[in-house]
Amino acid sequence: MVKNITSITLFGGVDEIGGNKLLLKDRDTKVFFDFGMSFGMKKRYYAPPFLSPKSEKSLQELGILPKLQGIYRFDSGPPEVDAVFVSHGHMDHSAYLSFVNRQIPVYCGETTKIILQALSEMRRPDLEFDVQDINFRTFRTGDKKTIGCLEIEPIHVDHSVPGAYGFIIHTSQGAVVYTGDFRVHGSKPQMTQDLVEAAKKEKPVAVVTEATNMIGASVSSENEVEDKLASITEQSQGILLTEFAYADVDRLNSFYRVAKKSGRCLVVSLKQAYLLNALRGDKGLKLPDLNDDSILVFRKSKKRYDRWENSILQQYSAKVADVFEVSKRQCKAVFALSFYDLEELVNIKPAPGSCYVLSSSEPFNEEMEIDFEKLTNWLTHYGLPQYHVHVSGHVMPLQLRSVLKEINAQRVFPIHTENTELFVKFMRDMPSRIVAPEKQKEYQL
Ligand SMILES: [Zn+2]
Ligand SMILES: [Zn+2]
């Protein structure tokens with residue numbers, strides 16, 4: 001008797017934002033979709049840098065890294081998982097590739113591969129994020145990859161990092177859709193629509209969807225964000241300081257255009273410059289050129305620079321500005337200053353009429369966490385008012401409802417949300433069965 005041949009098990013992303021790890025089994029084929037770090041779980045036990053996990057053993061003990069056989073590089077046995085597919089380059093979807101056995105192929109978009117490799121080069125060797133020697137295989141939207149009994153179709157979506165994908169997975173029991181992270185109010189809504197169109201044609205047996213924004217949703221768009229940034233920039237008489245996720249290329253483009261239009265320079269960090277330089281070869285992306293007159297690369301004040309930093313400092317030596325240079329030109333600058341670099345303000349000495357624009361999400365963006373109390377103390381010290389101009393990388397509730405209605409799958413599994421119960425009630429009149437998933441429970445399809 002053949003039964004239980006196809007199943008979904010969620011090892012992360014259940015009742016939490018991120019940490020996605022979805023295992024799809026079909027007969028003897030096993031494929032993971034995303035292998036992310038759970039910020040929430042980690043925060044319960046750790047306070048970096050002084051209280052940080054020392055080994056995978058601690059992470060497994062605390063349930064931050066699932067106890068699984070046949071996937072990890074520290075396993076003694078052979079790999080039992082056939083492949084890992086990564087939806088996009090945010091850490092909550094990709095960081096724990098670090099632990100994956102290097103014999104297991106990791107499939108992702110070309111852009112995601114570039115981002116992950118660049119991020120890995122920029123960090124010191126790190127237990128929780130290292131993609132060295134990973135057997136990357138890249139795909140493009142609309143490709144079909146056959147892994148054992150599964151045929152997997154990645155389709156691009158719009159999100160706050162370039163190179164984000166959802167997947168249509170053809171199983172023996174019908175199609176399963178995994179959305180990854182997505183939105184419809186970004187700069188390329190058509191990409192998300194492409195996934196929705198393709199998904200609904202398949203009459204899927206299940207959709208595993210993100211449902212991040214059930215609380216505090218807002219109606220806005222990347223275009224609206226750009227208009228607001230332009231208005232603030234025009235009014236500002238001093239330096240315009242800002243913080244945004246450095247892999248958020250849409251936002252970077254908005255700041256670049258706004259700076260250029262107002263006759264200012266966009267001062268980017270070495271990290272942003274390194275990533276921009278790495279993504280230069282990606283033909284699908286529209287990015288500012290580091291050689292452009294409206295861009296400067298900020299060399300932060302320190303004694304020694306890492307290899308990757310030196311590579312940018314040398315390649316773009318004519319574009320490099322130190323803190324004194326930025327201070328001199330401050331009334332003509334939009335300065336992307338990371339939370340960790342706030343100390344640079346001591347030498348910048350922001351002029352009257354300067355301001356700060358927070359252009360990333362609360363309570364965290366997908367790359368770092370901002371301590372708002374400390375940020376506010378710095379800004380207060382320098383008399384800098386704080387604007388918040390942002391739009392989420394995630395779909396809004398009513399839009400999600402209409403997307404799911406259109407796809408019309410038999411079952412819907414909400415993940416990547418802290419509001420599962422709310423979501424289930426919100427969707428209760430849908431023809432699809434809404435499942436409040438349990439972590440590590442195997443759901444037969
Ligand atoms: Zn995410
Ligand atoms: Zn994301």
Side-chain angles (χ1 to χ4, degrees), residues 10-22 32-43 64 84-97 108-109 111-116 118-119 128-129 131 154-167 177-189 191-192 195 207-217 222 244-252 275 279 285 359-369 390-397 399-400 403 413-420 423 437 439:
L10 298 161
F11 288 95
V14 174
D15 295 317
E16 61 175 337
I17 296 175
N20 288 17
K21 294 173 209 74
L22 186 167
F32 262 98
F33 290 85
D34 285 339
F35 216 75
M37 177 201 287
S38 161
F39 290 117
M41 290 284 283
K42 228 188 104 177
K43 235 171 48 182
I64 301 169
V84 179
F85 277 70
V86 176
S87 64
H88 62 287
H90 279 149
M91 291 295 104
D92 59 326
H93 298 255
S94 61
Y96 281 3
L97 288 177
C108 64
T111 310
T112 300
K113 180 183 163 188
I114 296 173
I115 292 174
L116 292 179
L119 293 181
E128 290 178 284
F129 181 65
V131 296
I155 299 181
H156 54 203
V157 290
D158 188 76
H159 184 41
S160 48
V161 66
Y165 289 82
F167 299 100
V177 178
Y178 170 49
T179 65
D181 288 353
F182 74 104
R183 61 179 170 181
V184 293
H185 57 262
S187 58
K188 292 174 181 158
M191 297 204 301
T192 300
L195 174 70
V207 176
V208 182
T209 180
E210 75 128 302
T212 316
N213 279 328
M214 287 297 121
I215 286 176
E222 278 298 325
F244 59 95
Y246 57 85
D248 187 344
V249 162
D250 291 336
R251 197 59 52 83
L252 180 90
L275 192 63
L279 287 169
L285 295 178
S359 198
S360 62
S361 57
E362 293 170 292
F364 63 87
N365 70 42
E366 279 150 301
E367 283 154 359
M368 66 175 294
E369 195 170 4
H390 181 62
V391 63
S392 168
H394 304 277
V395 64
M396 295 304 156
Q399 293 170 330
L400 179 56
V403 161
F413 295 84
I415 61 166
H416 203 283
T417 181
E418 290 171 343
N419 307 106
T420 312
F423 176 89
K439 201 168 164 178

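Heavy-atom basis, side chains included; hydrogens, waters and symmetry copies ignored. Note that ligands are numbered from 1 as they come in the structure, with each ligand's atoms numbered from 1 the same way. Please read all numbers here as calculations on a predicted model, not as lab measurements.
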#### Entry: Centroid-centroid under 6.0 Å between His88 and His156 rings
no
### Message
If I consider every N, O or S atom in His90, which one ends up closest to the Zn ion (ligand 2)? I only need its name.
### Response
ND1
### Query
Is there an N/O/S atom in His394 that lies less than 2.8 Å from the Zn ion (ligand 1)?
no
### Task
Using 2.8 Å as a strict upper limit, say whether an N, O or S atom of His93 approaches the Zn ion (ligand 1) that closely.
yes
### Task
Of all N, O or S atoms in Asp92, identify the one at the shortest distance from the Zn ion (ligand 1).
OD2
### Query
What's the NE2-the Zn ion (ligand 2)-NE2 angle here (His159, His88), rounded to 10 degrees?
100°
### Message
Using the rule side chain to side chain contact (heavy atoms under 4.5 Å, CB included), only one of Met396, Glu222, His394, Gln399 pairs with Arg183; which is it?
### Response
Glu222
### Task
Assess the side chains of Ser87 and Asp34: does a donor N or O sit below 3.5 Å from an acceptor N or O?
yes
### Message
Using a 3.5 Å distance criterion without hydrogens, assess whether the side chain of Lys439 forms a donor-acceptor pair with backbone atoms of Leu10.
### Response
no
### Message
Quick check on the Zn ion (ligand 1): does Glu210 put an N/O/S atom closer than 2.8 Å to it?
### Response
no
### Task
Looking only at N, O or S atoms, find the one in Asp181 nearest to the Zn ion (ligand 2) and name it.
OD2
### Message
Looking only at side-chain N and O atoms, does His90 offer a donor or acceptor that is under 3.5 Å from a partner on Asp181?
### Response
no
### Task
Tell me whether the centres of the aromatic rings in Phe32 and Phe85 are closer together than 6.0 Å.
no
